[in-house]
Asker: 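I'd like to ask you about the structure that follows.
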Protein chains: 2
Amino acid sequence: MTPDALNRLVAQLAKLPGIGEKTAQRLAFHVLRAPAEYARGLSAALLDVVDHVSLCPKCFSLCDKAHPQCGFCSDTRRDDKLLCVVEGIADELALERTREFKGRYHVLHGVLSPLEGVGPDQLRIRELLTRLQDTDVEEVILATNPDVEGEATALYLTRLLKPMGIKVTRLAQGIPMGGDLEFADQATLARALSARRDI
Amino acid sequence: MTPDALNRLVAQLAKLPGIGEKTAQRLAFHVLRAPAEYARGLSAALLDVVDHVSLCPKCFSLCDKAHPQCGFCSDTRRDDKLLCVVEGIADELALERTREFKGRYHVLHGVLSPLEGVGPDQLRIRELLTRLQDTDVEEVILATNPDVEGEATALYLTRLLKPMGIKVTRLAQGIPMGGDLEFADQATLARALSARRDI
């Protein structure tokens, strides 16, 4: 009973992650209620993003197609000796928000996951090795998530990078800032204990 | 550090209701990862919806601009004697999903809410009265939500419609099907008690 155009929009919105049929309908109603300029703006932004954004050929961050490199790679103030390997763009941006890291990035675009059929060839690992052969990177920080797949990926990369004479590090694991010992899970608390530091 | 096109898409997505900055970013990444056809399809669907969907001039449901009336109004199998007044399109679709109602609809597009500056003139009330003057509607079901604004709107409409000699009804209120007496709120339970039925 609803117009076809609305049904098509609901179907398209429902393909977004975490958006079910009902939420998609609510969003579509919002688009209809809002001034037409909003729908036109969002429509143009969607086209823009696929037409103008690609992956940086060096670090595989997001990059404007008009530029040969992404903002991270072209920034001359960043430290070429330090390379941080992350699973995805969101992780890269999270690290960037800390304003603590001034090295370069390399985005794997996934983690090793035999169950989901993701092997080393599906990730940007070969490109990482090629990149490390002709640069002066002294330390690689493996900033994959501290879960099963992330740990396995870090271990795999460690075995590849160590023989190249590169220092390999991993983000510290422990109790989060503002966290509560009482509510920390056993694995985190055990890790925090074994990795305790002199003060 | 992210491409401008991506930032613009995130900003547009974050204007949707219930979508914050982080969710908008996650959705934008999904759009980038998906085949370009998805972004193009969603973009086209957005334009389609503003170009092809309008409100039915009779009942103010959603309507294809190419048709003079919406699907509800043009369906000759529906009962002209029964008119259901709802707050919004979502309520209309919820009632329709029950497959129990075969009359016509009238969408108010809001409820009376003095605090938010919504008076009778902001709703489709005048159009409802005009519509009722030259039809053979015998019963109007006031299906506004059973909250303060919805009740006030129903009361306001009742006072307008009763003098026209039209039977005015309200959706039954009580314990929801599958509900639990123990967890029902006091107001619902009191209403269920006072509106008890012979079996």
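In what follows, every chain begins at residue 1, and chains take the letters A, B, ... in the order their sequences are listed.
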Asker: Pick whichever of Asp4(B), Leu47(B), Ile19(B) has the most heavy-atom pairs under 4.5 Å with chain A.
Answerer: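 Of Asp4(B), Leu47(B), Ile19(B), Leu47(B) has the most heavy-atom pairs under 4.5 Å with chain A.
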Asker: Who among Gly71(B), Ala45(B), Pro3(B) has the most heavy-atom pairs with chain A under 4.5 Å?
Answerer: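 Most pairs with chain A among the choices: Pro3(B).
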Asker: Which region of Phe72(A), side chain (C-beta onward) or backbone (N, CA, C, O), has a non-hydrogen atom less than 4.5 Å from a non-hydrogen atom of chain B, or is it both or neither?
Answerer: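 Contact with chain B is through both the backbone and side chain of Phe72(A).
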Asker: Looking at residues at least two apart in the chain, or sitting in another chain, which of them share a salt bridge (charged side-chain N to carboxylate O under 4.0 Å, His left out) with Asp79(B)?
Answerer: none
Asker: Specify which of Glu96(A), His52(A), Lys15(A), Gln25(A) makes the most heavy-atom pairs with chain B at under 4.5 Å.
Answerer: Lys15(A)
Asker: Taking atom CD as the centre, does Glu116(B) end up with more than 12 heavy-atom neighbours from other residues, nucleotides or ligands that are less than 6.0 angstrom away?
Answerer: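 No, not enclosed.
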Asker: Does atom CZ of Arg97(A) have more than 12 heavy-atom neighbours from other groups under 6.0 Å away?
Answerer: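 Yes.
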Asker: Which atoms of Leu32(A) come close to chain B, meaning under 4.5 Å heavy atom to heavy atom: side chain ones, backbone ones, both, or neither?
Answerer: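 Looking at Leu32(A), just its side chain touches chain B.
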Asker: Identify which of Ala66(A), Ala36(A), Gly41(A) forms the greatest number of heavy-atom pairs closer than 4.5 Å to chain B.
Answerer: Gly41(A)
Asker: If we ignore angles and hydrogens, is there a donor and acceptor under 3.5 Å between the side chains of Thr158(A) and Arg170(A)?
Answerer: no
Asker: Verify the distance criterion only: is there a donor paired with an acceptor across the side chains of His106(A) and Arg124(A) at less than 3.5 Å?
Answerer: no
Asker: Who wins among Val53(A), Thr23(A), Leu93(A), Leu42(A) for the most heavy-atom pairs under 4.5 Å with chain B?
Answerer: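 If we count pairs closer than 4.5 Å to chain B, Leu42(A) comes out on top.
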Asker: When you compare the side chains of Thr135(B) and Arg104(B), does any donor N or O come within less than 3.5 Å of an acceptor on the partner?
Answerer: no
Asker: Quick check on the interface: out of Arg26(B), Lys22(B), Lys65(B), who has the most heavy-atom pairs with chain A under 4.5 Å?
Answerer: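 Among the listed options, the one with the most contacts to chain A is Arg26(B).
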Asker: Taking all atoms of both residues into account, what is the closest heavy-atom pair of Cys63(A) and Leu55(A), and its distance?
Answerer: CB-C, 4.0 Å
Asker: Name the option with the most non-hydrogen atom pairs under 4.5 Å to chain A; the candidates are Asp51(B), Leu62(B), Asp64(B).
Answerer: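 Highest number of heavy-atom pairs under 4.5 Å: Leu62(B).
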Asker: Quick one: which of Leu16(B), Asp75(B), Val10(B), Thr2(B) has the most heavy-atom pairs under 4.5 Å with chain A, could you say?
Answerer: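 With the most close heavy-atom pairs to chain A, the winner is Leu16(B).
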Asker: Quick check on the interface: out of Cys70(A), Ala5(A), Ser43(A), who has the most heavy-atom pairs with chain B under 4.5 Å?
Answerer: Ser43(A)
Asker: Is it the case that Glu92(A) and Ser61(A) place a side-chain donor and acceptor less than 3.5 Å from each other?
Answerer: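 Indeed, the side chains of Glu92(A) and Ser61(A) share at least one donor-acceptor pair under 3.5 Å.
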